[in-house]
Amino acid sequence: MYVHTVQLSKMKTWKSVSVSCVIVATLFITIECSWLEHLDLAHGLKTAGDNLPALAKKEGEEKLVEALTRTHLTDTLSGTGPFTLFGPNDESFGRLPDAIIHYLKQNVTAMAEVLKYHVIAGKSVYSSQLSNNLLVDSYFGPKIRINIYNNGAIITASGRRVIKANVNASNGVLHEIEGMMLPPVGDIVQTLSVKGLMRKIFLTFLKAVAATDLKKTLKGKGPLTVFAPTSKAFKKLDPAFLDKLLKNKTELQSVLEYHVVAAAAYSVGLSEGTVKTLNGQTLKIDIDPVFEEITVNNARIEYPDITTTNGVIHVIDTVLIPPMSMSQSIYDAVDNRLKYKPLFEILRPFTLFGPTNSAFNKIPKWVLKYLSKNITALGNLLKYHVASGAVLSNQLKNNQLVPSLNGQNIRINIYKNGKVITASGASVVKADVEASNGVLHEIDSVMMPPFGNIVQTAKAVRKLFILVQLVRYGGLTSALSADGPFTLFAPTNSAFLKLGYKTLVKLLLNKDQLIDILKYHVIPDVYFSAGLSSGDVDTLNGKSVKIAVNSKGVMVNNAKVLFADLNTNNGVIHIIDKVLLPPKTNLIGRSRNFKIVTGNENSNILNALRLR
């Protein structure tokens with residue numbers, strides 16, 4: 001979608017009308033040949049003998065030539081020059097709505113001023129001489145802002161893409177552009193503040209800016225990009241939250257700065273990914289190539305590319321709330337992150353363990369795909385993040401079980417003398433964000449509801465088949481299915497196979513030793529990864545394992561944690577790549593008893609070993 005905002009105010013004829021017109025036109029055009037194919041950095045494209053108007057006509061820019069003729073600029077641009085002309089192609093004129101076309105046809109002087117804004121007088125400026133954020137005086141007066149994106153693959157002039165560069169004329173050079181360049185009327189604040197439609201659209205945003213120190217920044221040199229929410233966008237916010245936000249200058253400043261990027265990022269220069277804002281946090285940019293629609297976090301850009309003297313404005317339909325905003329209401333947190341507002345009409349007050357935006361990025365793609373197709377599972381997951389009543393962090397205790405809205409318990413753990421709080425293994429990164437309807441605790445991971453107890457969960461993991469069979473054979477199923485809490489370091493099937501087939505058979509011959517080894521994998525407490533630190537931890541068999549935590553991960557003795565924090569009803573499972581053997585372990589057994597071991601009681605284990 002190409003959107004042009006024409007600001008008509010009071011100085012010259014172009015600024016003679018005290019209203020602004022927002023022009024929206026949708027274009028689906030395939031550019032068959034990019035400007036790069038025509039580019040000769042040293043000499044441009046040679047078209048000897050033609051002056052700029054004649055060259056524009058030869059290049060097929062008939063509507064531009066017609067406009068130059070009507071405004072009596074043909075003679076000027078046929079003169080000695082030299083001139084640089086950013087010439088809009090014919091499609092550019094077609095994008096303008098009838099009301100603007102009619103106005104420009106009736107006001108020849110205004111049309112001339114718009115066209116003069118497309119001209120640099122006194123020099124031939126080739127693309128090789130352009131640099132990012134270069135400001136060049138136009139023939140009309142206001143400066144043309146040059147931007148270079150995508151390592152030079154995209155060049156824009158006041159936001160309009162150069163699709164064919166360096167076409168030489170006898171009196172200058174022509175750069176063909178996609179779209180009309182409309183002269184700026186002032187800085188960002190001045191542009192949003194023009195009397196009439198513009199001021200009405202952005203009244204709430206302007207009032208918020210005026211209440212903070214951001215106004216000075218938005219009137220500064222820049223360059224800046226502002227994602228400006230309309231007054232209608234502000235009305236989407238919970239009234240109590242908005243009132244509280246407007247009264248908190250510090251928080252309001254942070255929220256407003258989250259709408260500003262310290263660069264001139266026109267829509268053609270935006271790409272999928274993240275951009276850093278003035279408040280230090282990032283926005284996520286998504287682009288729909290089919291409908292040419294751009295979203296910023298959960299906000300849609302309704303009108304892009306309003307050029308100002310110090311940057312560009314993109315109009316958005318939703319207020320952007322920083323992920324760590326102190327005063328964001330729970331209702332809006334769920335709307336922005338969990339996308340499941342209806343459940344919050346069920347109960348008030350409540351406690352929300354709200355995953356940050358980055359937390360959702362940690363979820364495996366196959367899980368996201370499953371949840372997107374299973375609304376019941378998605379609802380169950382979201383309800384697991386909500387508890388009845390407003391529970392502050394000072395009311396939480398280690399191993400406290402907090403009933404969630406889906407009926408399962410959220411396990412609270414407190415580690416490192418209270419410095420680390422986890423909810424079902426997810427670290428609380430910001431606690432006690434109070435709202436009118438409860439309290440929000442920001443967490444760094446999405447909490448996955450437990451599948452069952454430790455044994456039931458391990459049974460569901462194919463890689464833990466041998467462990468489950470050994471636990472059953474050792475008579476520990478009931479113990480590990482009890483209330484606990486427990487932490488199980490669970491060796492994979494491959495880990496057991498590393499011991500060797502004969503060693504495992506000997507181990508089966510000595511059940512006491514097997515039980516001793518299995519208990520050495522269990523800690524009688526819950527240690528999610530956030531609570532692990534380097535040192536010794538006692539196990540169920542009375543001996544300790546050595547934990548080592550560093551930037552590469554977690555080691556338990558000589559075993560590496562492959563997958564951490566598998567949440568269960570009675571604790572947590574960490575999957576490891578080696579079997580842990582207690583100190584001075586001597587695996588003993590008698591090979592002549594092999595026939596006894598291969599009986600029905602152990603057939604599952606041995607068949608599994610033979611197949612692997």
Side-chain angles (χ1 to χ4, degrees), residues 1 3-25 96-97 99-100 103-104 107 110 113-114 117 142 145 158-159 180-237 239 242-243 245-247 249 252-253 255-261 264 266-267 278 296 299-320:
M1 180 175 287
V3 182
H4 308 285
T5 296
V6 181
Q7 179 58 62
L8 311 175
S9 73
K10 289 182 177 178
M11 293 175 62
K12 297 185 179 179
T13 307
W14 170 244
K15 302 180 179 181
S16 62
V17 181
S18 60
V19 297
S20 63
C21 303
V22 178
I23 306 162
V24 183
L96 296 176
I100 297 303
Y103 168 74
L104 293 176
N107 194 324
E113 290 173 347
V114 172
Y117 184 60
R145 180 180 294 277
S158 292
M180 294 285 289
M181 289 162 44
L182 300 174
V185 301
D187 59 42
I188 289 169
V189 175
Q190 290 171 329
T191 302
L192 295 174
S193 302
V194 173
K195 291 180 180 179
L197 182 60
M198 286 287 280
R199 184 168 179 80
K200 183 177 180 181
I201 290 174
F202 300 106
L203 185 60
T204 307
F205 182 70
L206 287 168
K207 286 182 177 179
V209 168
T212 67
D213 298 327
L214 186 62
K215 184 175 181 179
K216 183 178 179 181
T217 303
L218 297 185
K219 291 183 70 65
K221 184 178 180 181
L224 301 169
T225 297
V226 174
F227 297 99
T230 62
S231 294
K232 188 177 179 180
F234 278 93
K235 289 181 179 179
K236 291 182 182 180
L237 297 176
L242 179 58
D243 182 63
L245 177 64
L246 293 174
K247 292 177 180 178
K249 182 178 178 180
L252 180 60
Q253 175 100 9
V255 170
L256 293 176
E257 287 180 345
Y258 192 55
H259 291 75
V260 184
V261 175
Y266 284 94
S267 61
L278 286 189
V296 186
R300 184 172 65 90
I301 294 182
E302 293 185 312
Y303 311 118
D305 301 331
I306 303 175
T307 293
T308 72
T309 56
N310 61 344
V312 59
I313 299 168
H314 302 299
V315 183
I316 57 176
D317 66 353
T318 303
V319 178
L320 303 171

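Count residues from 1 along the sequence. The basis for the numbers below is simple: all heavy atoms, side chains too, and nothing from hydrogens, waters or symmetry mates.
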Start with the C-alpha distance between L192 and R199, add both sets of side-chain angles, then the distance that settles side chain to side chain contact (heavy atoms under 4.5 Å, CB included), and finish with yes or no.
CA-CA 6 Å; L192 295 174; R199 184 168 179 80; over 6 Å; no
To the closest 0.5 Å, what do you measure between [atom1] ([X]) and [atom2] ([Y])?
X: I188; Y: T308; atom1: CD1; atom2: OG1; result: 4.5 Å
X: L218; Y: E257; atom1: CG; atom2: CD; result: 9.5 Å
X: S267; Y: I301; atom1: OG; atom2: CD1; result: 7.0 Å

Side-chain donor-acceptor contact under 3.5 Å, [X] with [Y]:
X: T309; Y: D187; value: no
X: S231; Y: K200; value: no
X: Y266; Y: T307; value: yes

Taking the side chain as everything from C-beta on, heavy atoms only, tell me whether P229 gets closer than 4.5 Å to T318.
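A side-chain contact is absent here, since even the closest heavy-atom pair is not under 4.5 Å.
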Quick check: do V319 and F205 have side-chain heavy atoms less than 4.5 Å from each other?
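In short, these two side chains do not touch, never coming nearer than 4.5 Å.
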Give the minimum heavy-atom separation between [X] and [Y], together with the two atoms involved.
X: A110; Y: Y103; result: CB-OH, 3.8 Å
X: L245; Y: L252; result: O-CB, 3.6 Å
X: T217; Y: L224; result: O-CD1, 3.4 Å
X: E302; Y: T230; result: OE1-CG2, 4.0 Å
X: Y117; Y: P184; result: OH-CD, 3.4 Å
X: L320; Y: V255; result: O-CG1, 3.7 Å

List the steps, then state whether side chain to side chain contact (heavy atoms under 4.5 Å, CB included) holds for H314 with D305.
CA-CA 6 Å; H314 302 299; D305 301 331; 3.1 Å; yes
Would one find more than 12 heavy atoms of other residues, nucleotides or ligands at under 6.0 Å from atom NZ of K215?
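Open.
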Test T225 against V260 for side chain to side chain contact (heavy atoms under 4.5 Å, CB included), laying out the working first.
CA-CA 6 Å; T225 297; V260 184; over 6 Å; no
Test your reading of the model: is there a side-chain donor-acceptor pair from N310 to the backbone of K221, 3.5 Å cut-off?
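Pair absent, no side-chain N/O of N310 close to backbone of K221.
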Please check: side-chain N/O of K236 versus main-chain N/O of D317, any donor-acceptor pairing under 3.5 Å?
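Present.
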Check the pair Q253 / D213 against side chain to side chain contact (heavy atoms under 4.5 Å, CB included), numbers first and verdict last.
CA-CA 7 Å; Q253 175 100 9; D213 298 327; 3.8 Å; yes
Quick one: are the ring centres of F227 and H259 less than 6.0 Å apart?
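That pair fails the under 6.0 Å test.
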